Amino acid sequence: MTQPPVRDLPDVGELQRIAASGGIDHLGVAEAKILSRTRDELFARRDAGLHAGMAFTYRNPERSTDPGRTLAGARSVIVGARSYVPAIEPRRPEGVMASVARYSWTDHYADLRVGLALVADALRQAGERAVVLADDNAIVDREVAHQAGLGWYGKNANVLIHGAGSFFVLGCVLTTAHYEPSAPTPAGFAEGCGSCRRCIDACPTGAIVSDGVIDANRCLAWVLQRPGPVPVELRAAVGDRIYGCDECQTSCPPTMRLGQRHRRDVPAAEAWVDVLELLSSSDDELLARHGRWYIAGRDPRWLRRNALIVLGNTAPAGDPDVDAALARYRRDGDPILAETAQWAHDQLGGA
Ligand code: B12
Ligand code: SF4
Ligand code: SF4
């Protein structure tokens with residue numbers, strides 16, 4: 001519902017200050033129009049099977065590329081980017097540890113929403129309607145960030161924020177307020193990459209199938225989230241990862257160099273997960289600890305599946321605790337977990 005205005009419409013500079021007070025590092029404005037090119041890409045990639053069964057923005061591309069479907073009368077999209085580069089790199093603890101991708105070391109999306117909510121409140125106080133979206137299937141975040149001039153698409157498909165790299169989560173406020181769009185990023189496709197192709201070479205599974213195009217069937221971020229067994233040919237590439245993959249960003253020179261400009265405190269960063277502890281935890285414990293992650297069907301068996309692969313890839317052979325965990329899971333009533341445990345056991349030279 002529209003409120004009677006209690007303040008003037010803030011200008012973009014003021015929106016930037018409001019957003020910055022809520023921890024948003026970069027802000028830009030795009031026109032609220034249909035994202036036609038992205039819509040075509042979503043359909044084309046879905047037809048080609050590159051979405052690998054993902055729903056998210058692929059479930060309803062007409063909706064996820066039309067701001068007006070979420071907010072009737074939307075005129076502007078205020079896009080915010082929040083860095084997730086930690087001030088202090090967490091130390092890897094002793095033991096068999098699985099790694100978590102940086103964007104998930106804490107709930108950065110919740111922090112981003114706090115900043116965006118401040119912007120939305122200011123717009124509502126000026127009598128406008130405003131809806132906050134952050135990692136929501138209702139809009140394709142990278143494309144509105146790109147249109148708002150915040151950055152360019154790297155060959156790894158991430159949006160690299162000008163002068164700051166890609167370690168950013170993105171979100172936006174759809175609003176009925178009218179703002180002049182920010183200056184667009186010139187060209188914007190891999191322009192800053194030049195002849196570099198480090199991310200393509202570094203990807204452990206060859207998932208970057210052409211510049212800016214990811215085959216989700218092979219992208220470890222989705223391989224570790226999706227339900228079902230992990231294809232055997234991808235298991236070694238999983239390495240020690242349990243959730244997400246950072247390889248195409250940690251290999252990216254501008255992201256690693258420029259990301260240092262926006263370091264922030266990440267209290268209680270959850271960068272590592274103790275694999276044996278995970279494998280002996282109950283469903284309730286796992287959901288309490290990791291429930292903010294995207295886990296298909298909120299079913300903790302997929303975390304256990306990933307943990308078993310990490311054991312097979314990284315555990316010391318002959319460790320009695322590892323052997324006991326694998327022996328237990330090889331007898332598990334869940335055929336996917338039993339098969340994955342058997343695979344891990346064989347990897348470790350299976351006595
Ligand atoms: C589905 C999804 C995934 C899928 C598929 C990724 C993908 N590339 O589509 C999976 C699970 C694999 C995934 C992985 C990751 N994701 Co994700 N994901 C999403 C989600 C929900 C939708 C993305 C989408 O709609 N893609 C559709 C396709 C069509 O878009 P696209 O790949 O960006 O394609 C564009 C480019 O190809 C470009 N383009 C067109 N022509 C050309 C030509 C050239 C030369 C180039 C370079 C580009 C280019 O235009 C296309 C369309 O706009 C968004 C959140 C949201 N609501 O938007 C987050 C989001 C994209 N993910 C994000 C993150 C952080 C990640 C990971 C880094 C997480 C991790 N560490 O594991 C990885 C990175 C993998 C990668 N290299 O892309 C961030 C990205 C932030 C940023 N700075 O770019 C987002 C925006 C979430 C957020 N709100 O912050 N993700
Ligand atoms: S997230 Fe990992 S698997 Fe996916 S494209 Fe990047 S490097 Fe490849
Ligand atoms: S690694 Fe190189 S090619 Fe890949 S996104 Fe970064 S600059 Fe571009």
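Just so it is clear, the structure is predicted and the values come from calculations on it, not from any experiment. We count ligands from 1, going down the list as the structure has it; atoms in each ligand are counted the same way.
The aromatic rings of H108 and Y84 lie tilted to each other, with the angle between the two planes from 30° to 60°.
No side-chain N or O of R257 forms a donor-acceptor pair with one of Q260 less than 3.5 Å apart.
For ligand 1, the atoms lying closer than 4.0 Å to a non-hydrogen atom of G212 are 36 (C), 37 (O), 46 (C), 47 (C), 48 (C). Heavy-atom contacts of N156 reach the following atoms of ligand 3: 5 (S) (cutoff under 4.0 Å). If you number the atoms of ligand 1 from 1 as listed, the ones under 4.0 Å from a heavy atom of G154 come out as 47 (C). For ligand 3, the atoms lying closer than 4.0 Å to a non-hydrogen atom of P254 are 7 (S). If you number the atoms of ligand 2 from 1 as listed, the ones under 4.0 Å from a heavy atom of L220 come out as 3 (S), 4 (Fe). Under a 4.0 Å criterion applied to the non-hydrogen atoms of P204, ligand 2 contributes the atoms 7 (S). Interface of D246 with ligand 1, defined as ligand atoms under 4.0 Å from a residue heavy atom, comprises 71 (N). The contact set between ligand 1 and C248, taken as ligand atoms under 4.0 Å from a residue heavy atom, comprises 77 (N). In the vicinity of C203, heavy-atom distances shorter than 4.0 Å reach the ligand 2 atoms 3 (S), 5 (S), 7 (S), 8 (Fe). Atoms of ligand 1 lying under 4.0 Å from at least one heavy atom of A221, given by number and element, are 14 (C), 72 (O). Here is the list of ligand 1 atoms found below 4.0 Å of a heavy atom in S166: 83 (N). Near V140, meaning under 4.0 Å from one of its heavy atoms, ligand 1 places the atoms 25 (O), 58 (O). Within ligand 1, the atoms closer than 4.0 Å to a non-hydrogen atom of Y109 are 87 (C), 88 (C), 89 (N), 90 (O), numbered from 1 in the order shown.
The heavy atom nearest to atom 71 (N) of ligand 1, out of those in G244, C219, C245, is found in C245. Comparing Y243, Y153, W222 against atom 38 (C) of ligand 1, the shortest heavy-atom distance belongs to Y153. Of the listed options D215, D141, D211, D141 places a heavy atom closest to atom 86 (C) of ligand 1. Residue N156 holds the heavy atom nearest to atom 77 (N) of ligand 1 of all those in V100, N156, L220, D135. Residue R45 holds the heavy atom nearest to atom 30 (O) of ligand 1 of all those in E41, H108, R45. When H146, R142, E143, E247 are ranked by how near their heavy atoms come to atom 74 (C) of ligand 1, first place goes to R142.
Between W222 and A52 the shortest heavy-atom distance is NE1-O, 3.0 Å.
To the nearest 0.5 angstrom, R197 atom CZ is 9.5 Å from I208 atom CD1. Rounded to the nearest 0.5 Å, atoms CG (L311) and CG (N306) are 11.5 Å apart.
Neither the backbone nor the side chain of N137 has any atom closer than 4.0 Å to an atom of ligand 1 (non-hydrogen atoms only). When non-hydrogen atoms are compared, ligand 1 lies under 4.0 Å from the backbone of I139 (N, CA, C, O) but not from its side chain. No part of S166 comes within 4.0 Å of ligand 3, judged by heavy-atom distances. Residue contacts with ligand 1 for Y58 involve side-chain atoms from C-beta outward but no N, CA, C or O (heavy atoms, distance under 4.0 Å).
Closest to atom 22 (C) of ligand 1, if we only count protein heavy atoms, is T57 OG1, 3.5 Å. If you check which protein heavy atom lies closest to atom 6 (Fe) of ligand 2, you get C248 SG, 2.4 Å.
Taking backbone and side chain together, C219 holds an N, O or S atom under 2.8 Å from atom 4 (Fe) of ligand 2. C199 lies close to atom 4 (Fe) of ligand 3, since one of its N, O or S atoms is found at a distance under 2.8 Å.
F168 has its ring centre less than 6.0 Å from the ring centre of H262.
Under a 4.0 Å heavy-atom criterion, Q249 is in contact with ligand 1.
Considering backbone and side-chain N/O atoms, L170 comes within less than 3.5 Å of an N/O atom of ligand 1.
Checked against D283 for a salt bridge (Lys or Arg N to Asp or Glu O under 4.0 Å), the options R304, R301, R289 give a single hit: R304. Considering E191, E143, H146 as possible partners of Y153, the one that fulfils the side chain to side chain donor-acceptor pair (under 3.5 Å) test is E143. Results of the salt bridge (Lys or Arg N to Asp or Glu O under 4.0 Å) test with D25 over R82, R264, R261 single out R264 as the only residue that passes.
For the pair R102 and F167, the cation-pi test (distance below 6.0 Å, angle within 45°) is passed.
A salt bridge is absent between R292 and D107; no separation between the charged side-chain nitrogens and carboxylate oxygens falls under 4.0 Å.
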